[in-house]
Amino acid sequence: MDNINNKDNNFQKLADLLFPDVTHTPDYYEEKYPYRKLPSKAEVTRMAPSPTGFMHLGNLYSALADERIAHKKGGIFYLRIEDTDEKRKVDGAVETIINVMRYFNIEFDEGAGFEDTGADNAYGPYFQRQRVEIYHAYVKELVKKGLAYPCFCTEEELEKTRKKQDADKVLTGYYGQYATCRNLSFEEAEANIKAGREYVIRLRSQGSPDGEIIFKDSIKGEVKLPENIHDIVLLKKDGVPTYHFAHAIDDHLMRTTMVIRGGEWLASVPIHYELFNVLGFKMPAYGHTALLMKFDEETGGKRKLSKRKDPELSLDYYRKDGYHPYCMKVYLLTLLNSNFEEWHEKFPDKDINEFPFSVSKMSQSGALFDKDKLHNICKNELSALTEYEMYDFLHNWAREHEPEKCKTWFKDKEKMLGILRLYMGIGMKRRRKDFIYARQVFALISYFFDFEGEEGVQEKDPFRFNSSIINEVLNEYLKTYNHNDDNTAWFNKLKDIADKYGFASDMKAYKKEPEKYKGNVSDIAEIIRIAITGRANTPDLWAIVHVMGQEQMESRINKVLGQQEN
RNA sequence: GGCUCCAUGGUCAAGCGGUUAAGACAUCGCCCUUUCACGGCGGUAACACGGGUUCAAAUCCCGUUGGAGUCACCA
C-alpha cells in the first residue's frame with residue numbers, strides 16, 4: 001500500500017517538475033468550452049489543414065463533405081489550423097485557404113481567420129500553436145495519473161532500436177520492452193532534466209498486443225483494428241503536441257461531433273481510440289473517406305493524389321484555368337454521393353445545397369479523377385447560365401489571369417455579349433455546349449480579337465483540300481459575298497459555289513452517289529470556316545461574320561489566300 | 001513485410017439471395033440538320049479467381065490474386 005502511494009506521489013512530483021507553470025486543470029477547460037447548444041441532429045464538423053496554403057482537389061472533396069454535413073441540419077463548420085509543425089508553415093496560408101474555399105462557395109461559421117468578423121469563435125483559439133497551455137494542462141494530468149512520461153531517447157537511439165527490430169522481424173516502434181524510458185524513476189528523470197537533456201512526453205500505452213478494438217466508421221461500417229500498444233509522442237521536444245494528441249484535445253474541446261477525413265487516417269484510429277479513452281473523452285463519429293485517386297502514367301496504376309506529383313490537381317490550377325466553381329462543386333458532389341447526379345438531373349433548378357447529402361451514401365473505394373466527366377459537367381452547367389452571368393464570370397477571371405485581354409476584349413461589351421450569345425446558343429432552339437472553362441473559352445473565341453497576331457489556320461484543324469480548290473472557293477466566296485444577305489441567301493451562295501466547283505449542293509444526292517462529287521456543301525462551308533476562324537468547329541458562320549464584321553472577315557480570308565499562294 | 005480497407009464495362013456507379021445486371025461519362029454507328037454544334041435513337045463493353053452455404057449467389061462465408069492506405073518528435 002505504501003508502495004502505491006509512493007508511486008502516486010512520484011507521478012505528482014514528476015508532473016510538477018515537468019509543468020511547473022501549468023495552473024489550470026482540465027476541469028477549467030471543460031467548463032470554458034461547454035457543449036454547444038444546437039438543434040438536434042446538427043453536426044459540428046471542421047476542416048483542419050496544416051498551413052501550407054496548398055490545397056488540392058482531395059482537400060476540397062472532403063471539405064465539401066464536412067460542410068454539407070454541418071450545414072444541412074443547422075450545425076457548425078469551422079476552420080482549425082494545425083500548425084504544430086513549424087516546417088510546414090507558409091505565410092498567408094490561412095487567407096489562401098479561406099479564399100479558396102470561398103471561391104468554391106464553402107463558408108466557415110467560425111475558426112481561424114474569423115477573429116474579427118463577428119463570428120462567434122467561442123471555442124478558440126483555432127491555431128494549435130496558441131493552444132499549448134491547454135495541451136499542457138491535459139498532459140500534466142496524464143503524467144499525474146502515470147499515463148504519460150518523459151522520454152529522453154535521442155533520434156539515434158530510436159533509429160538503432162528500429163534497426164534491431166527490423167532485423168529481428170518484430171514490430172517496430174516504441175513500446176513494451178523497447179520503451180526504455182517508461183520505467184525511469186522519478187530521480188532518474190529529475191537528474192536528466194537537471195542535466196538539461198531534451199525530452200518528449202510519451203503516452204504510457206495501456207493497450208495489449210493481442211487486444212482488438214471494433215470501431216464503427218460512419219462511411220466504412222465496422223472495422224476491426226488492433227489495439228494501440230505504442231507509447232506515442234504526445235508533446236514534441238519543443239512542447240508542441242503531435243497531431244494525434246492535438247486532435248483529441250481540440251475536437252473534444254471544440255465539441256466536434258463528426259470528423260470526416262481522408263482514409264489515410266484510418267490506420268491511426270487505434271491511437272485516437274486510446275487517447276480519447278485515457279483522457280476520458282467521448283469520441284466523435286468518424287467517417288473515413290475513400291481517397292480520390294489518380295491514374296499514374298509511370299506505374300500504370302491508381303494512386304492517391306499527391307501534391308508533389310500532381311500540381312495540376314491543385315485548386316489553384318483550377319482557378320488559374322478558370323473552372324467555374326459551381327461546376328467543380330457539382331462534379332465533386334457526384335463523386336461524393338452516388339445519387340446526387342440523378343437528383344440534380346431530376347431537379348436541375350433546385351439549389352444543390354438542398355440535396356439531402358448522406359454520409360452513408362459515400363463511396364467505399366477510391367474514385368479515379370475523371371477529367372472527361374468533369375468537362376462534361378462543365379459544359380452542361382455552363383450552358384445553363386445567361387450570357388450576362390457568363391460575361392461576368394469571364395470578365396472576373398480575365399481581370400486576374402488575363403489582364404491584357406481583360407482590357408481589350410471587354411472594351412466593347414456588346415460585341416462580347418454577342419459572341420457569348422452565339423456560342424451559348426442563346427436565342428436558338430437549343431443551347432450549345434462549347435464552353436468548359438474560362439481559358440478554354442478564351443481560346444475558342446480568340447479569333448474575334450487577336451486577329452492580327454494569330455496565324456490563320458490552327459494545326460489541329462487543317463484544310464482537307466488542296467490549295468487550288470481552296471483558292472477557287474475563297475475567291476468565289478469573296479466575289480459573291482454581300483454583307484446584307486440574310487442567312488438563307490448567304491447559304492444559297494455557298495450552294496452555288498458548291499455546284500460551280502464540282503461539290504454537291506444537295507446532301508441527299510451526295511449521299512446517294514458520293515463518288516460523283518469532290519465533296520459537298522458542308523466541305524465548302526468548312527473551307528470558309530477554317531479560313532475565317534482557324535477552326536473546324538464554330539457556331540453558325542453567317543452569324544459569326546455578322547458579329548465580327550465584313551472587314552475583319554475579308555482581311556482574314558485574304559490572309560489565308562496569301563498563305564496558300566506561297 | 002505487419003496491420004487495415006477495397007474489388008460490377010475504359011471511368012464513375014446502381015444492386016443488399018430470384019433483375020433481360022440500371023444510369024452517367026468516354027467510344028462507335030444511325031437519324032435530325034442549308035454549314036458547326038445541340039438534340040434523338042441504337043451498338044460495343046462488366047460481376048477478378050477458386051471453393052463453400054443455399055432450391056437459388058454479383059449479393060452471405062472462407063481462401064487466392066490484385067489494388068490502395070498506413071507503419072515519425074509530418075499532418
Side-chain angles (χ1 to χ4, degrees), chain A residues 48-52 82-88 128 151 153-155 158-159 162 166 169-174 198-202 215 217 220-221 223-226 230 232-238 240-244 246-247 261-270 288 290-291 293 295 301-304 331 334-335 338-339 341-342 345 363-377 379 383 423 425 428-434 487-488 490-492 494-495 498 505-507 520-529 533 535-544:
Chain A
S50 47
T52 62
E82 313 230 317
D83 55 355
T84 56
D85 185 13
E86 193 66 29
K87 293 188 288 289
R88 291 198 177 197
Q128 291 181 326
C151 164
C153 293
T154 63
E155 276 178 51
L158 258 23
E159 180 62 19
R162 204 188 61 82
D166 259 343
K169 296 198 172 160
V170 297
L171 181 67
T172 58
Y174 203 81
E198 292 188 312
Y199 61 90
V200 300
I201 304 290
R202 287 183 184 273
F215 164 77
D217 188 272
K220 297 196 180 276
V223 180
K224 278 185 194 164
L225 292 162
H230 295 272
I232 56 134
V233 173
L234 265 20
L235 255 30
K236 298 185 273 195
K237 70 179 173 210
D238 59 358
V240 174
T242 55
Y243 166 83
H244 302 112
H247 154 58
R261 42 144 70 150
E264 73 263 32
W265 290 108
L266 190 62
S268 32
V269 162
H288 290 91
L291 294 160
M293 311 290 268
F295 184 77
K302 298 206 263 183
R303 62 167 169 73
K304 80 165 174 173
Y331 174 62
T334 68
L335 287 185
S338 53
N339 51 336
E341 196 173 7
E342 204 180 326
E345 201 179 339
S363 171
Q364 302 271 313
S365 50
L368 211 50
F369 172 73
D370 185 350
K371 202 161 202 163
D372 283 334
K373 183 81 180 178
L374 204 213
H375 283 181
N376 177 267
I377 286 172
K379 286 181 176 185
S383 78
Y423 262 89
M428 289 164 58
K429 282 187 290 277
R430 278 198 197 81
R431 290 292 185 89
R432 301 176 61 88
K433 295 181 176 175
D434 295 311
N487 203 327
T488 312
W490 171 83
F491 197 82
N492 282 335
L494 289 199
K495 284 181 166 178
S505 61
D506 178 6
M507 276 307 239
N520 61 60
V521 69
S522 152
D523 298 316
I524 299 293
E526 183 185 287
I527 290 170
I528 297 165
R529 167 172 283 117
T533 69
R535 292 150 178 75
N537 297 315
T538 72
D540 180 64
L541 249 187
W542 180 86
I544 284 177

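The chains referred to below are lettered A, B, ... by the order of the sequence lines, with proteins before strands, and numbering in each begins at 1.
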| task | State the dot-bracket string of RNA chain B. Criteria: Watson-Crick or G-U wobble, both atom distances under 3.5 angstrom; notation: ( ) intrastrand, [ ] crossing earlier pairs, | interstrand, . unpaired. | result | ((((((((.[[[..)..(....]]].(((((.......)))))....[[[[[..)....]]]]])))))))....
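- Computed from coordinates, the A:D217 CG to B:C6 P distance equals 10 Å when rounded to whole Å.
- Put simply, CH2 on A:W265 is 15 Å from P on B:G69, counting in whole angstrom units.
- Spacing between atom CE of A:M428 and atom C1' of B:U33 amounts to 11 Å, rounded to whole angstrom units.
- Distance A:L266 CG to B:G69 P: 13 Å, rounded to the nearest Å.
- Considering only the side chain of A:A267, B:U70 comes nearest among B:U70, B:A75, B:C36.
- Atoms CD (A:E264) and P (B:U4) sit 19 Å apart, rounded to a whole Å.
- In this model, no side-chain donor or acceptor of A:R431 finds a partner on the base of B:C38 within 3.5 Å.
- The number of heavy atoms from other shown groups lying within 6.0 Å of CD (A:E345) does not exceed 12.
- For the pair A:T84 and B:A75, the criterion of a side-chain N or O lying under 4.0 Å from OP1 or OP2 is met.
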| task | Classify every nucleotide of nucleotides 39-48 of chain B by which part a protein heavy atom approaches to under 4.0 Å, writing B for the base, S for the sugar-phosphate alone and - for neither, in 5'-to-3' order. | result | S---------
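- Taking the C1' atom of each, B:G15 and B:A22 are spaced 8 Å apart, rounded to whole Å.
- Among the heavy atoms of the strands lying under 4.0 Å from A:V233 are primed sugar atoms or P, OP1, OP2 only; no base atom is included.
- Comparing atom distances between the A:N537 side chain and each of B:U11, B:A13, B:A37 picks out B:A37 as nearest.
- The side chain of A:L225 lies closest to B:U4, out of B:C71, B:A75, B:U4.
- A sub-4.0 Å separation between OP1 or OP2 of B:C71 and a side-chain N or O of A:T172 is absent.
- Here B:A75 presents its C1' atom at 8 Å from NE2 of A:H244, a figure rounded to the nearest Å.
- OP1 or OP2 of B:A75 has at least one side-chain nitrogen or oxygen of A:K236 nearer than 4.0 Å.
- Using P as the reference atom, B:C71 and B:C16 are 38 Å apart when rounded to the nearest Å.
- Going from the P atom of B:G39 to that of B:A45 covers 25 Å, rounded to whole Å.
- B:G2 sits 28 Å from B:C12 when the P atoms are compared, rounded to a whole Å.
- Straight-line distance between the C1' atoms of B:U19 and B:C36: roughly 42 Å, to the nearest whole Å.
- Donor-acceptor pairing under 3.5 Å is recorded for the side chains of A:T538 and A:R529.
- Regarding A:K379, its NZ atom lies at a distance of 7 Å from the P atom of B:C38, rounded to whole Å.
- When each of B:C73, B:C25, B:C36 is scored by its nearest atom to the side-chain atoms of A:D372, the top-ranked nucleotide is B:C25.
- A donor-acceptor pair is defined here as one N or O able to donate and one able to accept, closer than 3.5 Å; no such pair exists between the side chain of A:T52 and the backbone of A:R88.
- Per the geometry, CZ belonging to A:F369 stands 13 Å off P belonging to B:C12, to the nearest Å.
- Between B:A13 and A:S363, a contact under 4.0 Å exists linking OP1 or OP2 to a side-chain N or O.
- Proximity of a side-chain donor or acceptor of A:K236 to a complementary backbone N or O of A:T84 within less than 3.5 Å is detected.
- On a pure distance criterion of 3.5 Å, a polar donor-acceptor pair joins the side chain of A:R432 and the base of B:C36.
- Spacing of C1' atoms, B:A7 relative to B:A58, comes out at 11 Å, to the nearest Å.
- With contacts defined as side-chain heavy-atom distances shorter than 4.5 Å, the pair A:H247/A:T242 does not qualify.
- Atom NZ in A:K379 sits 9.0 Å away from atom NE2 in A:H375 (nearest 0.5 Å).
- Nucleotides B:C25 and B:G43 are separated by 16 Å at their P atoms, to the nearest Å.
- The separation of B:A14 from B:C74, taken at their C1' atoms, amounts to 39 Å, rounded to a whole angstrom.
- In this structure, OH on A:Y199 lies 14.5 Å from SG on A:C153, to the nearest 0.5 angstrom.
- Between A:N376 and B:A26, a side-chain N or O to OP1/OP2 separation shorter than 4.0 Å is present.
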